[in-house]
Amino acid sequence: GDGVNDIARIKFQVFRLGLQAPLRIEIYDLGGRLCATAFDGTSASGEFSTTWDGRRASGDLVAPGIYLVKVVLDTDVSTEASTGLVSVVY
């Protein structure tokens, strides 16, 4: 990157979760291919924030374009997912 806005901050809130639960934040290209996992851990209820540096799991910068950010929360009852967009420009 060029050192300007090279990090995407991903923020969201988790509601009504009694205990910590597995949480993943995955970055996909528009072809549906997984580019990176920005977070793989656990979360409880509340506000959550992490970053993505625009790099693939291999460490290479992704090509400029639009990417899907998928937040996946696995609870005892079900798996909840939410998707958003992030734009990469160089």
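Heavy-atom basis, side chains included; hydrogens, waters and symmetry copies ignored.
- For Val86 against Ala8, the heavy-atom pair with the smallest separation is CG2-CB, 3.8 Å.
- Annotation: the span from Lys70 atom NZ to Thr37 atom OG1 amounts to 11.0 Å, rounded to 0.5 Å.
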Kindly determine whether Ile27 and Ile10 satisfy side chain to side chain contact (heavy atoms under 4.5 Å, CB included), including the steps that lead there.
CA-CA 11 Å; Ile27 312 295; Ile10 302 163; 4.2 Å; yes
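- Note: Leu61 CG to Arg55 CZ = 4.0 Å, rounded to the nearest 0.5 Å.
- To the nearest 0.5 Å, atoms SG (Cys35) and CG (Leu68) are separated by 9.0 Å.
- A single hydrophobic cluster is not seen to contain both Ile66 and Val62; linkage of ILVMFWY side chains at heavy-atom distances under 4.5 Å, directly or through other members, places them apart.
- Taking OH of Tyr67 as the reference point, atom CG of Asp29 lies at 6.5 Å (rounded to 0.5 Å).
- Summarising the geometry, atom CD belonging to Gln13 is positioned 10.0 Å from atom OG belonging to Ser45; distances are rounded to the nearest 0.5 Å.
- No side-chain donor-acceptor contact under 3.5 Å links Ser82 and Glu80.
- When each of Val69, Thr50, Val71 is checked for a side chain to side chain contact (heavy atoms under 4.5 Å, CB included) with Phe12, only Val71 meets the rule.
- Closest approach of Asp74 and Ala21 over heavy atoms only: O-CB, 3.3 Å.
- Environment of CG in Leu34: crowded, with over 12 heavy atoms of neighbouring residues, nucleotides or ligands closer than 6.0 Å.
- Between the CD1 atom in Ile25 and the CH2 atom in Trp52 there is a gap of 12.5 Å [rounded to 0.5 Å].
- Sparse packing is recorded around CG of Leu19, with 12 or fewer heavy atoms of other residues, nucleotides or ligands lying under 6.0 Å away.
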